[in-house]
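The structure appears right after this line, and notes come after that.
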Amino acid sequence: MLYFCIWLAKRLNIKSEYLYIAVITLGMVIIVREISWSIFCVKTGRGFVSFFSGILWEKYYYSGKKKNIWITVFVIITTALMALSPLTGAAEGGVVSVFLGLAYFPALIGCFKTDGMERIFSGKLISQMAAVSFEAYIWHSAVYMILLILLATNGFAVNLNSFGMMVFVAALVEIFAVAMYYLVERPIRRRLKSKQEKTACMN
């Protein structure tokens, strides 16, 4: 969806941000209406809202040198009240889910955008984890499904909700993400960068 938005924005000669907002809106509709199609369902709707709103937060808020911390605090408090609903009991689950992805968690991340936290997050280990996070996001469901199939076909009875199993699956996804990052994503990025540089030189 991300690459499609970028491609379509270039074809229409518009900013890709407009299409990101359209996808966020689509995700909101899917969540609130509880649409359950093969591709468009509540899970993908949450992904659309969280992922693309995160891109917009990064572009227009996180990346700025000066940040209004009170905006962040206001968004967190307001969304937390909506999630807990002590004042507005009318807030439904779908609406809460939308605002958690659209505002609460992105704003919470904004609270950690300080100089001290930046030094911690820029460390080598966390930087590497961040580099492979997109691969982990893309492949975590596939890895989990393959694991379920292998367990079922070999007759293993495993408590998938146990803490140890959760840690194992998380580690397995991270290992797979690292492999995909170095074997697939980085070579593709290098190839695309080289192609762009050749195109720029020709122009």
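Every value quoted in this text rests on a predicted model; they were computed, and no experiment measured them.
Ring centroid separation for the pair F51 and Y137 comes in under the 6.0 Å cut-off.
Using a 4.5 Å heavy-atom cutoff, the side chains of E17 and K59 are in contact. Contact check for S36 versus V42: no side-chain heavy atoms found under the 4.5 Å cut-off. Looking only at side-chain heavy atoms (C-beta outward), I30 and V49 stay at 4.5 Å or farther from each other. Residues L150 and M145 have side chains not in contact (no heavy-atom distance under 4.5 Å, counting atoms from C-beta outward). In this structure the side chain of I14 reaches within 4.5 angstrom of the side chain of L19, judged on heavy atoms. A heavy-atom distance below 4.5 Å is not found between the side chains of I24 and F48. Y18 is not listed as a side-chain neighbour of L12, based on a closest heavy-atom distance of 4.5 Å or more. Side-chain contact between R189 and Y181: present, with at least one pair of heavy atoms (C-beta onward) separated by less than 4.5 Å.
For the atom pair NE2 of H140 and CD of E135, the computed distance is 13.0 Å after rounding to the nearest 0.5 Å. In this structure, the separation between CD1 on I31 and CG on L26 is 9.5 Å, given to the nearest 0.5 Å. Here K43 contributes atom NZ and S141 contributes atom OG; the two are 6.5 Å apart, rounded to the nearest 0.5 Å.
The local environment of CZ in R11 is sparse, with at most 12 non-hydrogen atoms from other residues, nucleotides or ligands closer than 6.0 Å. By the neighbour-count criterion of 12 heavy atoms within 6.0 Å, atom CE of M129 is sparsely surrounded, having that number or fewer from other residues, nucleotides or ligands. Q128 CD: more than 12 foreign heavy atoms inside a 6.0 Å radius.
S162 places a side-chain N or O within donor-acceptor distance of the main-chain N or O of N159, the cut-off being under 3.5 Å. Although no hydrogens or angles enter the test, the distance criterion places no donor-acceptor pair under 3.5 Å between the side chain of S194 and the main chain of R191. Between the T44 side chain and the I39 main chain, a donor and an acceptor come within less than 3.5 Å of each other.
Cluster membership check: F168 does not share its hydrophobic cluster with M166, using side-chain heavy-atom separations under 4.5 Å among Ile, Leu, Val, Met, Phe, Trp and Tyr. Both M165 and Y144 are members of a single hydrophobic cluster when ILVMFWY side chains are connected at heavy-atom separations under 4.5 Å. Under a hydrophobic-cluster definition in which Ile, Leu, Val, Met, Phe, Trp and Tyr are linked whenever side-chain heavy atoms come within less than 4.5 Å, directly or via other members, L172 and V178 are assigned to different clusters. Hydrophobic clustering, with ILVMFWY side chains joined whenever heavy atoms are under 4.5 angstrom apart, keeps Y182 apart from V173. The cluster map of Ile, Leu, Val, Met, Phe, Trp and Tyr, joined by side-chain heavy atoms under 4.5 Å apart, puts L151 and V167 in different clusters.
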Could you go step by step and tell me if E174 and V143 meet the side chain to side chain contact (heavy atoms under 4.5 Å, CB included) rule?
CA-CA 10 Å; E174 193 68 17; V143 172; over 6 Å; no

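Using cut-offs of 30° and 60° for the angle between ring planes, the F176 and W139 rings count as perpendicular.
Of all heavy-atom pairs between S50 and S53, the closest is O-OG, 3.2 Å.
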